Structures are given as C-alpha cells and as structure tokens.
Chemist: 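What follows is a structure written as structure tokens; I'll ask about it next.
Values below: every heavy atom of this structure, side chains too, minus hydrogens, waters and symmetry copies. The shown structure was predicted, so the numbers you read here are calculated from the model rather than taken from an experiment.
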Amino acid sequence: MENRTKNNETKKNGNLISTGMLLFEFRNVIGNPYIHIFGVGMPIMMVILISRVVATEITDGAMLSNAVTSIFLGIGTMIPMATVLMGYGIARARELERGIPLRMELFGVNTLVTLCNNALAEMVYMLIAFCIYFPIGFGIVGAELPKASGVVLYMVCILALSIIMFCLAYAISSLLKKFSLTYCVTMFLYFGFMILGGMMGITYDNMPEGMQAVAQMLPITYINKDFYMVWKGESYNFMPMVQSYLLLAAIAGILMMVSLKKTARKKHKALA
C-alpha cells in the first residue's frame with residue numbers, strides 16, 4: 001500500500017513538473033539567438049533572394065511557378081535543421097557543461113520528462129516559425145497554393161525530419177558534452193545538409209557523382225528537388241524518399257542509443 005502511494009505521488013509530481021518544465025524549456029528555446037538567426041531569419045532571407053534571382057532567369061510563367069514553389073518547400077527544411085539540430089544541440093551542450101541535467105535529476109526530475117518537454121518546446125517553436133514562413137512564401141515569393149494532401153504530406157515529412165534531427169542533436173551533444181564541439185559539428189551538418197540538398201547554389205543535377213550518391217541518402221534532397229509535385233497533388237514515387245528517411249533515422253537512432261548507454265554507465269559508476 002505504501003509503495004502504491006509513493007508511485008502515485010511520483011507520477012503526480014512528474015506531471016506537475018512536466019507542465020511547468022514545458023514553459024521553462026520553451027523560454028530556453030526562445031532565448032537561444034541561434035535559432036532565430038538560422039531557423040527563421042536565414043530561411044526567409046534565402047527564399048526571397050533566390051526566388052528573385054530565379055525570376056530574372058526564367059521567363060516562362062509555369063516553369064517559374066514550379067521553380068519558386070520548389071525553392072520555397074526546400075528552404076523550409078532549414079527550419080527544423082536550425083531549430084532542432086543546431087538550436088537544441090547547442091543549448092543542451094551548454095547545459096551539460098554547467099551540469100544542469102544532473103542537478104535536475106538530483107531534484108527528482110525524470111530524464112524522460114525532460115526529454116519530452118524539450119521535444120515539445122522545440123516543436124512549438126518550429127510551428128511558430130512555419131506560421132511566419134508560410135505567409136511570406138505565399139505573399140511575397142509567390143509559391144503555388146497546395147492541394148490539401150500536399151500540405152498534410154509536407155508537414156508529415158517535416159515532422160519526421162524534426163524527430164530525426166532531435167535524436168541527432170541529443171546524441172551529438174551527449175557524446176561531445178562541450179558547447180564548442182557541438183556547435184562546430186551541428187553547424188557543419190547544417191550547412192552540409194544544405195549543400196547536398198541543393199540549397200546553396202549547386203543543384204542535384206549539377207553535382208559530381210560522389211556528391212549525388214551522398215545526396216540521395218538525405219530526405220532534404222527529395223523535398224528540395226521535386227516535392228513540389230506532391231505539393232500540387234501530382235503522382236510521385238515516395239520509395240527513394242522513404243529509404244532516405246529510414247537510413248537517416250537508423251543513424252540517428254543508433255547514435256542516440258549509444259549516447260544513452262554511455263550516460264547510463266557513467267551514472268552507474270558515479271552511484272557505485
């Protein structure tokens with residue numbers, strides 16, 4: 001009976017902490033300048049500039065509309081990459097350096113509760129970022145209005161990409177445990193994904209064969225290259241994209257499991 005009472009009290013405390021921690025984590029997210037710069041400002045700036053350059057080179061109206069829509073959808077992937085991969089990874093590395101996660105555990109805050117609140121806070125900010133990005137895409141850039149199925153599939157792809165980025169950010173920050181190293185690695189991945197995804201001036205068709213082979217393993221490539229077909233409700237072969245998602249998810253999952261086991265071993269040694 002006493003054990004049940006203790007378990008119930010633990011669950012209640014966990015729920016109370018979860019509610020308060022969500023607001024706490026969201027304040028931490030919006031207090032991170034990197035995600036405002038790279039997750040909101042940079043995508044907006046790039047989609048406006050690149051669409052303007054493309055408009056001077058393409059005279060055909062239909063081709064221009066397809067190109068602008070493709071640019072708009074592709075650059076949208078920068079939001080989860082910056083918000084989650086860079087933003088969360090850097091913030092967590094800074095917290096690890098200061099010993100904040102360990103102190104929170106000592107005060108009874110469950111690691112799973114913290115992880116869930118981190119993820120929810122990142123997703124809420126990302127939703128706000130897209131609410132800013134979409135009106136600019138339709139109002140200023142001139143992206144095509146989508147079919148309902150196109151919007152749903154795009155958001156599903158962005159959500160799946162965000163979860164993978166979250167796992168990568170958690171693993172990288174947990175394994176490196178230093179702000180400077182995590183910043184360098186996540187920044188390298190951020191720009192590397194952009195280059196291989198065809199968002200930095202080199203399109204997929206103009207890449208060398210070696211780069212194309214690597215680019216085919218990234219979901220960003222497919223979203224940037226031809227997701228405008230899905231956006232407009234046209235038929236599309238999802239198999240290569242799904243394979244790229246599964247591959248990247250497997251890499252992120254393996255790294256996260258390694259980081260969790262490494263952290264668990266250190267805690268066990270510390271308690272012993």
Chemist: Please name the pair of heavy atoms, one in D205 and one in Q212, separated by the smallest distance, quoted to 0.1 Å.
Modeler: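 It is O-NE2, 3.7 Å.
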
Chemist: Would you indicate whether the side-chain heavy atoms of P80 and L85 approach each other to under 4.5 Å?
Modeler: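 Side-chain contact under 4.5 Å: no.
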
Chemist: Could you please spell out the steps behind the side-chain contact (heavy atoms from CB on, under 4.5 Å) verdict for F130 and I158?
Modeler: CA-CA 10 Å; F130 271 106; I158 291 295; 3.7 Å; yes

Chemist: I'd like to check the ring-ring contact (aromatic ring centres under 6.0 Å, His included) partners of Y236; sequence neighbours left out, ordered by chain and number.
Modeler: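 Residues passing ring-ring contact (aromatic ring centres under 6.0 Å, His included) with Y236: F238.
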
Chemist: Which residues pass the salt bridge (charged side-chain N to carboxylate O under 4.0 Å, His left out) test with E97, sequence neighbours left out?
Modeler: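 For E97 there are no salt bridge (charged side-chain N to carboxylate O under 4.0 Å, His left out) partners, ignoring immediate neighbours.
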
Chemist: I79 versus P43: any side-chain heavy-atom pair under 4.5 Å?
Modeler: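 Yes, at least one pair of side-chain atoms sits under 4.5 Å.
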
Chemist: Quick one: side chains of residues 131-157, donor-acceptor pairs under 3.5 Å with protein atoms, not counting sequence neighbours, listed by atom name and distance.
Modeler:
{"residue": "Y133", "atom": "OH", "partner": "F72", "partner atom": "O", "Å": "2.6"}
{"residue": "Y133", "atom": "OH", "partner": "G76", "partner atom": "N", "Å": "3.4"}
{"residue": "E144", "atom": "OE2", "partner": "S65", "partner atom": "OG", "Å": "2.5"}
{"residue": "Y154", "atom": "OH", "partner": "L73", "partner atom": "O", "Å": "2.8"}

Chemist: Measuring from atom CG of L175 to atom CG of L260, what distance do you get when rounded to the nearest 0.5 angstrom?
Modeler: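 If we round to the nearest 0.5 Å, L175:CG and L260:CG are 9.5 Å apart.
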
Chemist: When you compare the side chain of L159 with that of M123, does any pair of heavy atoms fall below 4.5 Å?
Modeler: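 Contact flag for M123/L159 side chains = yes.
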
Chemist: Over all heavy atoms of both residues, which pair between I50 and M199 is shortest? Give the atoms and the distance, please.
Modeler: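 Residues I50 and M199, closest heavy atoms: CD1-O, 4.2 Å.
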
Chemist: Kindly write out the residues that satisfy side-chain contact (heavy atoms from CB on, under 4.5 Å) with M63, not counting sequence neighbours, or none if the list is empty.
Modeler: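 Counting only residues at least two positions away or on another chain, M63 forms a side-chain contact (heavy atoms from CB on, under 4.5 Å) with I58, D60.
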
Chemist: Quick one: which residue pairs count as a side-chain hydrogen bond (donor to acceptor under 3.5 Å, both in side chains) with a foot in residues 24-51, not counting sequence neighbours?
Modeler: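 Qualifying pairs, neighbours excluded: H36-Y125.
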
Chemist: Is there a chain of hydrophobic side chains (I, L, V, M, F, W, Y, each step under 4.5 Å between heavy atoms) that links I220 to M200?
Modeler: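 They do share one cluster, since a chain of ILVMFWY contacts under 4.5 Å joins I220 to M200.
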
Chemist: Stepwise, does the side-chain contact (heavy atoms from CB on, under 4.5 Å) test hold for M126 with S162?
Modeler: CA-CA 9 Å; M126 193 177 69; S162 303; 3.0 Å; yes

Chemist: Report the residues that fulfil side chain to side chain donor-acceptor pair (under 3.5 Å) with Q216, sequence neighbours left out, ordered by chain and then residue number.
Modeler: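 Y204.
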
Chemist: Stepwise, does the side-chain contact (heavy atoms from CB on, under 4.5 Å) test hold for F227 with M241?
Modeler: CA-CA 10 Å; F227 200 87; M241 181 188 290; 3.6 Å; yes

Chemist: Applying salt bridge (charged side-chain N to carboxylate O under 4.0 Å, His left out), name anything that partners K232, two or more places apart in sequence or on another chain.
Modeler: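 With sequence neighbours excluded, K232 shows a salt bridge (charged side-chain N to carboxylate O under 4.0 Å, His left out) to E234, given in chain and number order.
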
Chemist: Quick one: CZ on R98 to CG on L96, what's the gap to the nearest 0.5 Å?
Modeler: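 R98 CZ to L96 CG: 11.5 Å, rounded to 0.5 Å.
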
Chemist: To the closest 0.5 Å, what do you measure between CG (L248) and CD1 (I163)?
Modeler: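 Rounded to the nearest 0.5 Å, the CG-CD1 separation comes out at 12.5 Å.
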
Chemist: Just so I know, are the side chains of I37 and M42 near enough to count as touching, which here means a heavy-atom distance under 4.5 Å?
Modeler: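 I37 vs M42: side chains apart.
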
Chemist: Within the 4.5 Å heavy-atom criterion, are I30 and I35 side-chain neighbours or not?
Modeler: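 The answer is no, as the side chains (C-beta and beyond) never meet within the 4.5 Å cut-off.
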
Chemist: Can you list everything that forms a ring-ring contact (aromatic ring centres under 6.0 Å, His included) with F166? Sequence neighbours excluded, please.
Modeler: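 So F166 forms a ring-ring contact (aromatic ring centres under 6.0 Å, His included) with Y88.
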
Chemist: Is it true that the side chains of S173 and R94 contain a donor and an acceptor less than 3.5 Å apart?
Modeler: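 There is no such pair (donor and acceptor under 3.5 Å, judged by atom type) between the side chains of S173 and R94.
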
Chemist: Looking at every heavy atom in both D226 and Y222, which two are closest together, and how far apart are they?
Modeler: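 Taking every non-hydrogen atom into account, OD1-O, 2.9 Å.
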
Chemist: Rounded to the nearest 0.5 Å, what separates atom CE in M78 from atom CD1 in I44?
Modeler: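 Going from the CE atom of M78 to the CD1 atom of I44 covers 10.5 Å.
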
Chemist: Cut-off 3.5 Å, no hydrogens considered: what does the side-chain donor-acceptor table look like for residues 252-259, sequence neighbours left out?
Modeler:
{"residue": "S259", "atom": "OG", "partner": "L255", "partner atom": "O", "Å": "3.4"}
{"residue": "S259", "atom": "OG", "partner": "M256", "partner atom": "O", "Å": "2.7"}

Chemist: Go through the structure and list residues passing side-chain contact (heavy atoms from CB on, under 4.5 Å) with V53, not counting sequence neighbours.
Modeler: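 Partners of V53 under the side-chain contact (heavy atoms from CB on, under 4.5 Å) test: E57.
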
Chemist: As an exercise, state the distance from CD1 of I71 to CG of N224, rounded to the nearest 0.5 Å.
Modeler: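 Reported value, rounded in 0.5 Å steps: 8.0 Å.
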
Chemist: Might you confirm whether atom CD1 of I202 has over 12 heavy atoms from other residues, nucleotides or ligands at distances under 6.0 Å?
Modeler: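 No - once you tally the heavy atoms of other residues, nucleotides and ligands closer than 6.0 Å, there are 12 at most.
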
Chemist: To check you understand the geometry: which heavy-atom pair defines the closest contact between Y245 and L161, and what is its length?
Modeler: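 So the minimum-distance heavy-atom pair works out to CE2-N, 3.7 Å.
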
Chemist: Find out whether L196 and M211 are in side-chain contact, i.e. whether some heavy atom of one side chain is under 4.5 Å from a heavy atom of the other.
Modeler: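 Contact flag for L196/M211 side chains = yes.
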
Chemist: What's the verdict on side-chain contact (heavy atoms from CB on, under 4.5 Å) for M46 and M194, showing C-alpha distance, side-chain angles and the deciding distance?
Modeler: CA-CA 12 Å; M46 284 189 63; M194 286 174 59; 3.8 Å; yes

Chemist: Test of understanding: with side-chain contact (heavy atoms from CB on, under 4.5 Å), list the residues that count as partners of L181, not counting sequence neighbours.
Modeler: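 So L181 forms a side-chain contact (heavy atoms from CB on, under 4.5 Å) with L176, K178.
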
Chemist: To the nearest 0.5 Å, tell me how far L127 CG sits from T83 OG1.
Modeler: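 Taking CG in L127 and OG1 in T83, the distance rounds to 11.0 Å.
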
Chemist: Tell me which pairs pass side-chain hydrogen bond (donor to acceptor under 3.5 Å, both in side chains) where either residue lies in residues 180-203, with sequence neighbours left out.
Modeler: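 Matches after skipping sequence neighbours: T203-N206.
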
Chemist: Measure across A121 and V29 and return the closest heavy-atom pair with its distance rounded to 0.1 Å.
Modeler: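 Closest heavy-atom pair between A121 and V29: CB-CG2, 4.0 Å.
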
Chemist: Give me the atom names and distance for the closest heavy-atom approach of A129 to V40.
Modeler: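 Scanning both residues completely, I find the closest heavy atoms to be CB-CG2, 3.9 Å.
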
